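Notes follow once the structure below has been shown.
Nothing here was measured: the structure is a model prediction, and the numbers come from that model.
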Amino acid sequence: MKAVCIPCSGSVEVEGLLPVLDHPLFQRLRRCRQLGLNDLVFPGARHSRLEHALGVLHRARLAAQVQGMPPEDRRALEVFALLHDVGHGPFSHQVEPVLPGDHHQRGAQVIREMEGAIRQCGADPARLLAMLAGKDPLGEWVSDRNLGADKLDYLERDALHLGFVGTPPLDLLQKNTLRSSGGMLALREKFIEEGKRVQKFYSYLHQHGYLNKTALTAQRMLQWALQHKLQEEKPAPETVEAIWRMADEELVAWLLQDSCPKARKMTRRLLERDLHQTCLCIKPTGYAYVENVTGKDIALVEWPREKLQRLSQALASLPQAKHIEEKLAQAANLPQEDLLLAAMPYFQKLLPRDLRIANGGKQDYWLLEKDLDHRASLESDYLRTFAIRIAVPKRDRKTLAKDPAPLLRLLDSLAVPGGC
């Protein structure tokens, strides 16, 4: 028996899967961090997508055992577990919005390139592509947003490396997952409280880990450096293709080249942890109290949810976000690279997907539709966390915090209906 020992999962058997594990396109994941730049805030968060893939294999294998899957399905699920994230570029989700395409499209391309290794492991590449596209229900045992092996592994693994405690009993959850009468994955009603704990823990990880305000600022700095270099150099399509296939350190080396001084400067600041800092924070009405401004040079204001939603949705387009940043920098008399917007997604990440509950042969139901108090609690978690921040170098923070009116006027004009 061949096995790999990793945190959380212990010894993960890989016998029969070595052609995929040893493939260069899979081994690249060893040099791609699962949480991108979040190690600038949480030093332990340096685990790789390869470690996560092995953890998902462990969880998928447990699901196959609990469900009594036949050998052919089990092997397909194991290989899909290893390759479900193989399309991610450097720094994972943090860089993806800058590049054309997405990691699902890239993953399908990589699976085609790994066809020989996949067949050597006893799996059908065509079936894996169907699972990745959501067209084969077997893939849900990995990809389901509440009960899939991917979700359950990263909740446990990320929490460990972030240094968080209180992970719910994920094994118990997995052992009581089944296919409901409608064919969807569902949790037995008896374990509904455990399901709610998992959703609250997911929300907690986003509030305090994934969407940490310093980590979001660092993420925007990296995105800006890549955006600027691409705009300045207008590389050929094959260069952009090569970026998708880079590992983290390869992208950093590319950004540090002499050909684009501003991108190089921004990347150097990231490496030295010389990060922009918040000078203006906009919170939803009634939630400004959550922001700690004691002893800090931060202007704090509240906006209605509808207004914040319009601005947040506009900033989801990174080309538009960069255009807005340039206008704000001009209003603040700063160089373009010295004013950045660190904005959270509006109810796209923090609020978990609804969880299907199976109640023993009666009518199955959705948890968030039935338990309105639980839903309200999750929404409140989000609103306490949500903010749109303007971040600048430390030397400019105090001046702009004292007089944020020019910035607020501009943002206000962009947040009216049709203004963005």
Side-chain angles (χ1 to χ4, degrees), residues 4 6 12 14 16-36 47-61 73-136 138-144 148-151 153-154 157 226 230 235-254:
V4 179
I6 59 172
V12 180
V14 295
L17 299 171
L18 292 179
V20 164
L21 264 67
D22 290 339
H23 196 285
L25 292 175
F26 181 80
Q27 284 296 314
R28 184 187 70 89
L29 299 180
R30 186 184 298 278
R31 295 174 287 119
C32 295
R33 274 171 281 179
Q34 172 81 357
L35 297 184
H47 54 304
S48 69
R49 287 213 167 262
L50 185 143
E51 179 187 323
H52 167 60
L54 288 167
V56 178
L57 168 63
H58 170 74
R59 287 272 169 206
R61 186 171 282 145
D73 285 355
R74 173 173 175 158
R75 182 43 57 100
L77 190 65
E78 290 174 344
V79 178
F80 180 60
L82 287 173
L83 297 181
H84 77 285
D85 272 349
V86 77
H88 274 290
F91 294 100
S92 300
H93 295 290
Q94 297 181 342
V95 160
E96 184 174 333
V98 183
L99 300 173
D102 60 48
H103 70 274
H104 291 293
Q105 296 171 351
R106 305 297 307 180
Q109 181 176 333
V110 172
I111 286 173
R112 293 186 188 100
E113 294 180 37
M114 295 180 64
E115 179 178 352
I118 291 168
R119 291 192 185 282
Q120 288 180 53
C121 293
D124 180 1
R127 188 173 192 190
L128 266 60
L129 290 171
M131 293 164 72
L132 186 66
K135 296 178 180 179
D136 186 325
L138 182 64
E140 294 172 13
W141 292 103
V142 167
S143 59
D144 184 85
D150 175 37
K151 174 74 167 282
D153 181 77
Y154 77 65
R157 191 167 309 283
L226 180 55
L230 292 173
E238 54 266 26
T239 300
V240 178
E241 167 74 16
I243 294 172
W244 270 108
R245 293 175 179 267
M246 289 179 181
D248 294 357
E249 71 273 11
E250 292 169 330
L251 178 62
V252 169
W254 187 72

Residue pair [X] / [Y], side-chain heavy-atom distance below 4.5 Å:
| X | Y | answer |
| --- | --- | --- |
| H47 | I6 | no |
| M114 | I111 | no |
| W244 | E96 | yes |
| L226 | W254 | yes |
| P125 | R119 | yes |
| L50 | R28 | no |
| V252 | F91 | yes |

Where [X] and [Y] come nearest, the two heavy atoms and their spacing:
| X | Y | result |
| --- | --- | --- |
| C32 | A247 | SG-CA, 4.0 Å |
| A76 | A123 | CA-CB, 4.4 Å |
| G36 | Q94 | CA-OE1, 3.5 Å |
| V240 | P235 | CG2-CG, 4.1 Å |
| A149 | A60 | CB-N, 3.6 Å |

What do the steps show when you test L230 against I243 for side-chain contact (heavy atoms from CB on, under 4.5 Å), and what is the final call? CA-CA 11 Å; L230 292 173; I243 294 172; 3.9 Å; yes

As a quick check of understanding, evaluate salt bridge (charged side-chain N to carboxylate O under 4.0 Å, His left out) for E78 and R75, giving each step before the final call. CA-CA 5 Å; E78 290 174 344; R75 182 43 57 100; 2.9 Å; yes

Do NZ/NE/NH1/NH2 and the carboxylate oxygens of R31 and E250 come within less than 4.0 Å? yes

Do any N or O atoms from the side chain of S143 and from the backbone of G139 form a donor-acceptor pair under 3.5 angstrom?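 Checking the backbone N and O of G139 against the side chain of S143, a donor-acceptor pair under 3.5 Å is found.
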
Using atom types as modelled and distance alone, determine if a side-chain donor or acceptor of Q27 lies under 3.5 Å from a backbone N or O of L21. yes

Rounded to the nearest 0.5 Å, what's the gap from [atom1] on [X] to [atom2] on [Y]? Could you check?
| X | Y | atom1 | atom2 | result |
| --- | --- | --- | --- | --- |
| L129 | K135 | CG | NZ | 10.0 Å |
| D73 | F80 | CG | CZ | 13.5 Å |
| L138 | R74 | CG | CZ | 12.5 Å |

State which residue, out of L132, I118, L57, V142, fulfils the side chain to side chain contact (heavy atoms under 4.5 Å, CB included) condition with L83.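 Looking at L132, I118, L57, V142, the match for L83 under the side chain to side chain contact (heavy atoms under 4.5 Å, CB included) is I118.
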
Using 30° and 60° as the class limits, which term best fits the ring planes of H103 and H93: parallel, tilted or perpendicular?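 Correct class here is perpendicular.
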
Mind running salt bridge (charged side-chain N to carboxylate O under 4.0 Å, His left out) on K151 and D144 for me, showing each step along the way? CA-CA 7 Å; K151 174 74 167 282; D144 184 85; over 6 Å; no

One pair to check against side-chain contact (heavy atoms from CB on, under 4.5 Å): R106 and E241. What are the steps and the verdict? CA-CA 10 Å; R106 305 297 307 180; E241 167 74 16; 2.8 Å; yes

Using the side chain to side chain donor-acceptor pair (under 3.5 Å) rule, pick out the option among H84, R33, R157 that qualifies with H52.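 Filter result, single survivor: H84.
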
Checking D150, D153, D85, D248 against R49 for salt bridge (charged side-chain N to carboxylate O under 4.0 Å, His left out), the one that qualifies is D85

Report the C-alpha separation of L82 and V56 in whole Å, then their side-chain angles, then the decisive distance to 0.1 Å, and conclude whether the side-chain contact (heavy atoms from CB on, under 4.5 Å) test is met. CA-CA 7 Å; L82 287 173; V56 178; over 6 Å; no

Hey, mind stepping through L29 and E51 against side-chain contact (heavy atoms from CB on, under 4.5 Å) and telling me if it holds? CA-CA 8 Å; L29 299 180; E51 179 187 323; over 6 Å; no

